[in-house]
Every structure is written in structure tokens, then in C-alpha cells.
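The structure displayed is predicted, hence computed values, not measured ones. Within every chain, numbering begins at 1; the chains are lettered A, B, ... in the order of the sequence lines, protein sequences first and strands thereafter.
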Amino acid sequence: MDWKDTLNLPQTEFPMKANLVEREPKFLEFWEKEKIYEKMLEKRKDAPLYILHDGPPYANGNIHLGTALNKILKDIIVKSKMMAGYKVPFVPGWDCHGLPIELKTEQELGVKRGELPPLTIREACRKYAERYINIQREEFKRLGVFAFWDKPYLTMDYRYEATIAREFLRFLESGQVYRRKKPVFWCPTCVTALAEAEVEYGPHKSYSIFVKFPFTEELKDFISKEYQVTLDKPAYVLIWTTTPWTLPANLALALNPDFDYLLVKWEDEYYLVAEGRVSGLCAELNKDLPKIVAKIDPKNLEGKKTLHPFYNRESLIILADFVSLETGTGIVHIAPGHGEEDYQVGLKYGLEVYVPVDQEGRFYKEVDLIGGLSIYQANEKILEILKQKGHLLSSDKIEHSYPFCWRCKKPVIFRAEDQWFISMELKGLREKALQAVEKVKFIPYWGKNRLYSMLENRPDWCVSRQRVWGVPITVFKCEKCEEILRDFKYYEKVIEIFEKEGCDPWFVKPAEELLPEGTVCPNCGHTQFSKEKDILDVWFDSGVSFAAVLEKIEELSFPADLYLEGSDQHRGWFHSSLLCSVGTRGVPPYKALLTHGFVVDGQGRKMSKSLGNVIHPQDIITKHGAEILRLWVSAEDYRDDIKISKEILSRLVEAYRKVRNTCRFLIGNLYDFDPKKDLVPFEKLPPFEKYILYRLSRLIEKVKKGYEGFEFHLVYHEIYRFCVIELSSLIIDINRDYLYCEPRESFKRRATQTVFYYALDSIVKLIAPIFSFTAEDIWQNLPYPKEEISVFLTEFPDYRFDLSQDEVKRWETILSLREEFLKALEIARKDHKVISTFLEAEVYVEAPEDIKELLKDNSFWEYFLMVAKFKMIEALDPVSEPQTFVSEETPGLKILVKPTEYKKCERCWQRKPEVGRLPNPELCERCYQVVGG
RNA sequence: GGGCCUAUAGCUCAGCUCAGGUUAGAGCGCACGCCUGAUAAGCGUGAGGUCGGAGGUUCGAAUCCUCCUAGGCCCA
């Protein structure tokens, strides 16, 4: 007969193949239909709040692996915190305003800047953002992310726009905002100022010219007298520049006060250069070493003047620390209107912020010689003029790193414009921000250092943009005396309008309709006011999200427990949020900051179209399922860069199958188990089962700790390892005989099932934040009554199964002895070929005194090693028995494996002495009893 | 060019930042073998690392210091 029918084989509908790609949407549907996330929150309505505040992705384009990684990490936190007993309302957001969308929209409409009225563009931008919000929302949902998808926050919501304006006014009113001409990155193509974040660097070909600034008579005299030299030939200060077009704006020449300068004679002319550059210059200019005429202390020259190389005016000699010896002549041409450092040092010397170039990069008509030319045309013309005047020493071209506009990819320039700034100093914003950093917890710890040094060094925040898709800088100015209205009372009406209609009206209504009736200038009594035209930097929009979201939405609270973004956000959102919050509330908007790295390919290189190594989330979802993406996010240590490759994915797929299959085996063997009545109390369990449960409680401990410390890769590895070792390779393999062959109700079988029950119950909950789809799949297939309709409505297990230290040690020794026996058995099978399966083996062992005690229970070891016979004997002789295995790990341990003579029980396949001697010759005693003779 | 970070077996990670100390661990993959009552499964054994490189401190360094190389983020 076929004894198979008498066994308790596993039974389950839970499929081995997950078919994730097809089945994931069904779980998404289930979660949505059953409102699982809402129920989670409802269930924890009185639990302590945990606020993870979503950093808004830009509402443009599809999601990529970086955004997917970010949202999955957040989801793992939302779910794990919730299952650890917190209430975690997660409101997703989108950043909607800004140049990229405005440019895209113009492109789609086929128009250029300014060709359409602001409201038309704004309307189109709004539609564009909406479109991508919907796309991205679906993509995020597909990842299995739980959130308030139906009520996200959008920076273009009317109420949000009103908040942005209000928060700006707080800065204005508190005296932290000023307007000043200042060089900023300026894109002449897009005709706008750019934020630092909107500029990218790349190689660029520029001129490389050496220009002569003639000494004034006064300077000649001074040097002649002071240094006892006769300047019988023309004398010049020599400078090097890559931007000839900035020469018309030159107002000064800067020397480093710490360098020595030389007056040298080359051919028939005198030049002033830094001593440290002379030999370098000779090489570059292909000249012989010059004759040194005098060594000059730059401090003596401060305040002296040269002539401009082609205009009839002078250029002031000044001192500046930033002048270096790396390139050029050690003397820097200063144009305060066209460079940040130039501007800074210009302020110190009281230089004018002179800008002869208009918004589109053309010289103003009234500029001599080059009026009306673009800066590129001017480059050529200036070279010509310099040559003509004999003031061009050398001209060449070089390739170097240069800033480009992140949208149009064209080179940008530095150009001073009237801009609005939030001051880092006026009200001590920098100091307050630095102090606030001290109060924040950083994960990893070095984030603190990074944010700190950025705040320490950053310039004032230029918040104005000359565009329309954004929130206006709500400032009224008296048309007569130019007084700015700073008091909030002048703006209450506008804010109210914004709340109801958004900020469109600002662009079309006259000032008097936006101001409270009867407003008069507090300074001069005038009644006519003008509106500011610029809009706010988008970083300000997202920077005030704490005010628009955390403070406004009832379920949330300020400050947040956690902000979680990529490491670039130290200069982005982490930074702007901190400034906005500290500047208006005096405290940081977050208690902790968590940073992750960037997604790179298998070789650690960044993903780029040009390298052709880009992987899209969609590729992985349609091939493996979103679950694999979630595993990837959890398995990798996000503090470093996060690698992804085909090999990494295939390892994840295999790990996934292992976990799934292990759970499937547990499910299949619990089909007749009712925890209510069949559960064996821990104290009554046999030692091995107890040990496994002890290991399970250690796992639970580690996993919870892993979640708490945001170390998800440890969670992943620990759970995976537990499935492989403790479950699959140990108790499942060893106790399989009990499950299949012992009577259903037997103690041995119920004891094993008890372990399975605890293991399955724990694992399904512990993996849920990561393996969300699969945990739900398992939950829906549990063979016993479920406590909740979804695994997400449960909490992490808190079983504690303790063993004494001695008992744990004992088991560790038993397991290492087991490894020795397995080695011996494997050698007997593979090398000596005396057995083919361990079930056929007889094991004889000679043991050292200290472990004899552990090896004396023959039937335990027969069960534990799954062998036919186990026997400890006094002495084994490797000489007479050359097949004896001598342990290296455990000195004195010798093992001899022999094939058994016992016959195989046809039911349980174990070899037993009594097989053949019972009424049923095919069976062993146990099986004979079980099948009832 | 500057700031911060990373570099341990083919892959993913432990160990290492603020305590330096036995032959550097795990799982997967790979090779070989077993099983065929988890079966597009399962079990076993084995081979893989001069801890990115070079110096230094120390009786002793994957762990501390310096420099270099490669890569990432941010800035110029």
C-alpha cells in the first residue's frame, strides 16, 4: 500500500509562486477598499503621535528609483512605527511652483517668456503640476505606500499659497528682509536670477587673456620714489581673466596682502605680478625669466590707482584674502556687479555695484564702445580694442568648469540685480539656526556637521525670482517716497484673498484693490502704492511646509519627529525648512533628520542617460513586482550610496522566494492546528523546541530594535537568516518526521506546530513593513482564525521565551557538535560512499570527557541528526578504522560512520531494528502503532 | 579646488566612528554531493578575503593617525 496516504502532509492553498506582478494590484485594491490605513489610525487614535513629515517631490516627470527609495523608506517607517504602537498620520506632499514647470509649460504652449499674460501661464502651470501629481501619486501607491493619498498637501493649494505669503511677511515684519543690488547667478536666456540649486557645473570654453592696466602717473611716481627705480618704459599691473566682457565693469584690482609682489621687466615693459606666479607665467606666456626690478609689499599699494585698459577712468588697487596663486598673475580684476567675491570686497572699499549689462545679457546702449552688444559679441570687440591699445599681453582659450542654467543648459553669468534677501545676520538668523542644529538628532550622526558648516558659510538668502509661476513677494511700496509697508496690517486683506482665490489676483489687480481701504504711507502720507513684481524662491515654498501642513492639519503637530530625505537636502529642504522655522518660530521644525544616499549602479557609479545605466522603477515592478523594490530598499544600507544591479535584484528575488517558501511550509503544516486549544505551553515543550522559541524571541528583539534605530538592512538580514537557519535548516528539517508521521494529536506534533505557530505569527508581522504585499498574502492565508482582517491592524509580537544562560550555552555546543557530525557524515557519503542518505547511517563517537554528558542521550542524537543509530563508545582507533573522522574543532572528538543493517520503514523511511519483525513487516514500531496495526 | 561621506569574500551585510587583542564572520551565489512526502522546492559539504592602496603609532590595527586612489553628495 502507499503509506503516503497515512501521513500528515502539509496542506495549503498558499502558492509557492507569488506572481507578484499580477497579484500586487489585488492587495492594493483590498487595502484601499477596506480602508486599512484609516483603520490603522482609528485603532491607534489614542496612541502617542509620531510625525514623519513628507518632503515634497517636484511635480514634474515620473518617479525614479531615488524617489521610490525615499517613499518606501518613509513607508517602512510609517508602518513599523504604527505596528510598534504609535499613531502615524502621513500626509504626502508635492512641490508645485517654480521655474522647471514654468519652462516646460512655455515649451508645451510654444511661447517664450512674457508672451502670454501671467494668469494664462499660471493656469497652464497649475494644470501641468496637477497632471504630474496624479501620475506620481499612482506610481507611489503602486509601491504599496500607505498615506493620505486623497488629501495631500500641494504648495499650490490656495491656503498653502496664503501661508507662504504670510510666512514671508513674518520675515518682512521682523526686519529680516532687505532689498539690494547684488550679483546673483543670472541666466540671460531664461532672463531670471537662479538659485544656487538651479545651477550646474560643466566644462566650458572661455577666453584666457592677460590684460595690462597702465600705471597712473601717481603710481609711477610712488614706485619710483619708494623703491628707487627709474620707470623709463611703460608700466602695467597685469591681470588674467576668462571673461573679457566683465572688463567694462572693472572698478578695482585686488592683491593678496600676504603675498610678495614683483615689479619685473619683460622686453621693454614693466609689469607688476605676484612673486609666486612669475615662473608659472613665464611657462604660460612662453617668455624668459624677467629682470626683477623691485619687490613690493602690496600693503603699500592699497588705495593707489591704475588706468582702465580702455576707458578713460581709473581702477583702484585694493587688498583681498581670496586672491590665490593657483592661476593668473596673483592680481584679480574686480567687477563688483559681476562676482560674489568682487561684490563682497567692493562693499568693504565702498565701490559702486556697477552693472553695464542688461537682463538679457546685452550692454546698455549708453555704454561706450560696446553699447548694444551681447556679452559674447562684446568679448570679441573688447579683445580688438585691447589689441589696438596695446593692452592685451596674450589671448588664448581654455576649457574649465563653468556654471550652467539647470533648465536651458546655457552658460549663466554673475550679474547684480535688485533682489530681495533674507538676512542671515540682521536678526541673528545664522546664530539661531546654528544653535537649533544642536537640538536635532541626526541619522547618521555626521549629518549634523554637514548642515552646520553649510549654515555657517552660506550667504544671505536671495529669495526673489523674476518669474510668474510662484507666490508673489507681497510687498507694497509708496510710489512717492519708496517707503516699504512692513506692518502686517497692510497685508491682511491680501492674505484673505489668497486664502480664497490663491495668489492670482496679485498679478492682475491694482495695489489699491489689494490694500485695506484708505491706506496712506506712514512716512509721507501718500496714497499711491506699487506692488512688487518678483516671486519667491520655491525653496521658500517648501521651506514653510511645517507652517502650511504640520500647524494647519488637525491630525498633525509641530515640530515633526522626523524629516527624511536624500543627502542633497542638507542644502535643500532640511536647510530652507530650518531657516524658515527658526526665523519665525525660533525652533527647528524637526526633532530628527534622517538622510539616505543616492542610487548608483552596480559599480557605484551614478545613473545617467549618458552612461546608459539607468534603471527605472517601472522596469522592476513589471518584471519582479514592487515587493522586490521594497526588499531592495530594506536590504541596502541607505546611509551609503545605494547600489542596484541585475545581480543584486536576482539575489533579492531568491531571498524573497526563500522567505515565502518557509512561511508556506509553516502554513501548510498548521492546517489542523487551533492555537486556542492545541498550543503547548512553553514550559512543557521539549528542549529543542524551547531553544528555537528562544531564538525567535531574540529575533523579535533584534528586529524591533532594528526598526527603532532605522536600521532596516539589519531587519532584513536577521529575518532572512532566521528563515534559513533556525527554521528551514533546523526545526523544519529535523522535526519534519514528527509532523508527517506522528499522530495528529500527538504531543510531539503539537509541540512542533506550537513553534511553527509562534514563528509564523511573528514573522508575518515583523516583515509587514517591508514585505507588505507578502505579509498580507500570508495573513489572508493563515490556517487559523485571524485576530484582524489585515496584518497591518496588528502590532509587533512581544513574546519572550527565556532560557537560562547555561541552557543557551548548552545548545550552542550541541549545534557546533552537530556541525562536526554533519562533516563526518558528508565525508562518509561523498568520499567513502558508505551511505547515500544520513538516514542510513550509524554514528559511533568517542568523546572527550567534558562533552560526554552532552552526547550520552542516544535517542536524542538519532533524532537530532536523523540517523539510524547513535552510540558513544570508549575508544575509536583511526588506524584500524581509517574512515574515522577526527575533529579539528573539538579536540578528542572522533566519529565513525557506518551503514546500518536495519531495514527501512516504508512509512517513515527511518531505519529501525524492529522493521521486518512486526506483524506488518514494512513498518517500524512507531508507524505500526500510528496506523493501528 | 573646498566641505562631508563611502570602500570588508562574486553579491548584500556584521565587526570599525566616542573603549585597537585569539586562525576576519553571516547569508546568498558558485562547485560538489544527497533527497524526491516543501518539488520550477528541500538538505549537506566545500572553495572564495594580504579588510581599496601606501606609510605611521603600538608588543599588537579591518579597527587610531597621515597621504594616495576610486566613487557619491554638496559647494566653488
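- Look at the C1' atom in both B:A38 and B:C73: the space between them is 46 Å, to the nearest Å.
- OP1 or OP2 of B:A38 has at least one side-chain nitrogen or oxygen of A:Arg736 nearer than 4.0 Å.
- In the set B:C11, B:A41, B:U17, the nucleotide with an atom closest to the side chain of A:Arg657 is B:A41.
- The base of B:C5 has none of its N or O atoms less than 3.5 Å from a complementary donor or acceptor on the side chain of A:Arg450.
- Counting any heavy atom pair closer than 4.0 Å across all strands shown, A:Gly604 reaches sugar-phosphate atoms only and no base atom.
- For the P atom pair drawn from B:U57 and B:U12, the interatomic distance equals 36 Å after rounding to whole Å.
- At whole-Å resolution of the value, CZ in A:Arg660 and P in B:A40 are 14 Å apart.
- Figure legend. B:C16 is base-paired to no nucleotide; pairs are counted as Watson-Crick or G-U wobble with both atom distances under 3.5 Å.
- Comparing B:A62 with B:G72, their P atoms sit 29 Å apart, to the nearest whole Å.
- Straight-line distance from the OH atom of A:Tyr740 to the P atom of B:C35: 17 Å, rounded to whole Å.
- Counting non-hydrogen atoms under 4.0 angstrom, A:Gln603 reaches nothing in the nucleic acid.
- Here the C1' atom of nucleotide B:C43 and the CG atom of A:Leu865 are 13 Å apart, to the nearest Å.
- Residues A:His717 and A:Lys702 are not in side-chain contact: their nearest non-hydrogen atoms beyond the backbone lie 4.5 Å or more apart.
- Note on A:Ala635: only backbone sugar-phosphate atoms sit closer than 4.0 angstrom, heavy atoms only; bases stay farther off.
- Rounded to a whole Å, the NZ atom of A:Lys658 is 7 Å from the P atom of B:C28.
- Distances shown here put a side-chain N or O of A:His713 below 4.0 Å from the OP1 or OP2 atom of B:A14.
- Distance from the side chain of A:Ser453 is smallest to B:G3 among B:G37, B:C74, B:G3.
- Going from atom CZ of A:Phe821 over to atom P of B:C34 covers 23 Å, rounded to whole Å.
- Toward the 5' end of RNA chain B, the nearer of the two residues A:Asp637 and A:Lys17, judged by each one's closest nucleotide, is A:Asp637.
- In summary, A:Glu922 and A:Lys903 do not engage in a salt bridge, as defined by a charged side-chain N under 4.0 Å from a carboxylate O.
- Searching all strands for a Watson-Crick or G-U wobble partner of B:G29 with both distances below 3.5 Å returns nothing.
- Judged by centroid separation below 5.5 Å and plane tilt below 30°, A:Tyr720 does not stack onto the base of B:G27.
- Using a 4.0 Å heavy-atom cutoff across all strands shown, A:Ile732 reaches at least one base atom of the nucleic acid.
- Rounded to whole Å, the C1' atom of B:A70 lies 45 Å from the corresponding atom of B:C34.
- Only the P atoms considered, B:U45 is 32 Å distant from B:G53, to the nearest whole Å.
- A donor-acceptor contact under 3.5 angstrom links the side chains of A:Asp537 and A:Trp461, judged on distance only.
- With a cut-off of 3.5 Å on both pairing distances, the Watson-Crick or G-U wobble partner of B:G21 is B:C59.
- A:Gln11 comes within contact range of no nucleotide atom at all, as no heavy-atom separation falls under 4.0 Å.
- To the nearest whole angstrom, the two P atoms, one in B:U63 and one in B:A9, are 14 Å apart.
- For A:Lys643, the listed nucleotide lying nearest its side chain is B:U12; candidates were B:U12, B:A38, B:U6.
- Among the protein residues, A:Leu7 comes within range of the nucleic acid bases, having at least one heavy atom under 4.0 Å from a base atom.
- More than 90° away from 0 lies the glycosidic angle of B:G56, which makes this nucleotide anti.
- Under a 4.0 Å N-O distance rule, the pair A:Asp460/A:Lys182 does not qualify as a salt bridge.
- Residue A:Met866 is out of contact with every strand shown, counting any heavy-atom pair closer than 4.0 Å.
- Within 4.0 Å of A:Asn661, counting heavy atoms only, lies at least one base atom of the nucleic acid.
- The side chain of A:Met16 approaches B:A40 more closely than any other nucleotide in the set B:U12, B:A40, B:C73.
- Using a cutoff of 4.0 Å between basic side-chain nitrogens and carboxylate oxygens, A:Glu862 and A:Arg911 are not scored as salt-bridged.
- Between the CD1 atom of A:Ile835 and the C1' atom of B:C34 there is a distance of 9 Å, rounded to whole Å.
- A salt bridge does not link A:Glu701 with A:Lys705: none of the charged nitrogens is closer than 4.0 Å to a carboxylate oxygen.
- For B:C4, the paired base is B:G72 (Watson-Crick or G-U wobble, both distances below 3.5 Å).
- Summarising the geometry, the separation between CD1 on A:Ile827 and P on B:G33 is reported as 16 Å, rounded to the nearest angstrom.
- Side-chain atoms of A:Asp672 and A:Gln753 include a donor-acceptor pair closer than 3.5 Å.
- Using atom P as the reference point in both B:G29 and B:A76, the two lie 48 Å apart (nearest Å).
- Of the candidates B:G33, B:G71, B:C74, B:C74 carries the atom nearest the A:Asp568 side chain, counting heavy atoms from C-beta on.
- B:A41 and B:U50: their P atoms are spaced 34 Å apart (whole Å).
- Checking B:C74, B:G44, B:C43 against every side-chain atom of A:Lys830, the shortest atom distance belongs to B:G44.
- A donor-acceptor contact closer than 3.5 angstrom links the side chains of A:Glu627 and A:Thr774.
- Comparing A:His717 and A:Ser567 by the nucleotide of RNA chain B whose heavy atom lies nearest to each, the residue mapping closer to the 5' end is A:His717.
- Across B:C73, B:G10, B:U45, the shortest atom-to-atom separation from the side chain of A:Lys823 is found for B:U45.
- Distance from the side chain of A:Arg829 is smallest to B:G33 among B:U17, B:A14, B:G33.
- One finds a side-chain N or O of A:Arg664 lying less than 4.0 angstrom from the OP1 or OP2 phosphate oxygen of B:U39.
- Among the nucleotides B:U12, B:C28, B:C4, the one closest to the side chain of A:Ile648 is B:U12.
- Side-chain atoms of A:Ser728 come within donor-acceptor range of the base of B:A38, with a qualifying N/O pair under 3.5 Å.
- Judged by Watson-Crick or G-U wobble contacts below 3.5 Å, the nucleotide B:G42 has B:C34 as its partner.
- To the nearest 0.5 Å, the span separating OH on A:Tyr343 from CZ on A:Phe414 amounts to 11.5 Å.
- Side-chain atoms of A:Tyr716 stay outside donor-acceptor range of the base of B:U12, with no qualifying N/O pair under 3.5 Å.
- Nucleic acid contact class of A:Ser650 (heavy atoms, under 4.0 Å, all strands): none.
- Annotation: side chain of A:Phe688 is not in contact with side chain of A:Thr752 (no heavy-atom distance under 4.5 Å).
- Distances shorter than 4.0 Å separate none of the side-chain N or O atoms of A:Thr837 from OP1 or OP2 on B:C43.
- Under the Watson-Crick or G-U wobble criterion, with both distances below 3.5 Å, B:A54 is paired with B:U66.
- Taking atom OH of residue A:Tyr638 and atom P of nucleotide B:G72, one finds them 22 Å apart after rounding to whole Å.
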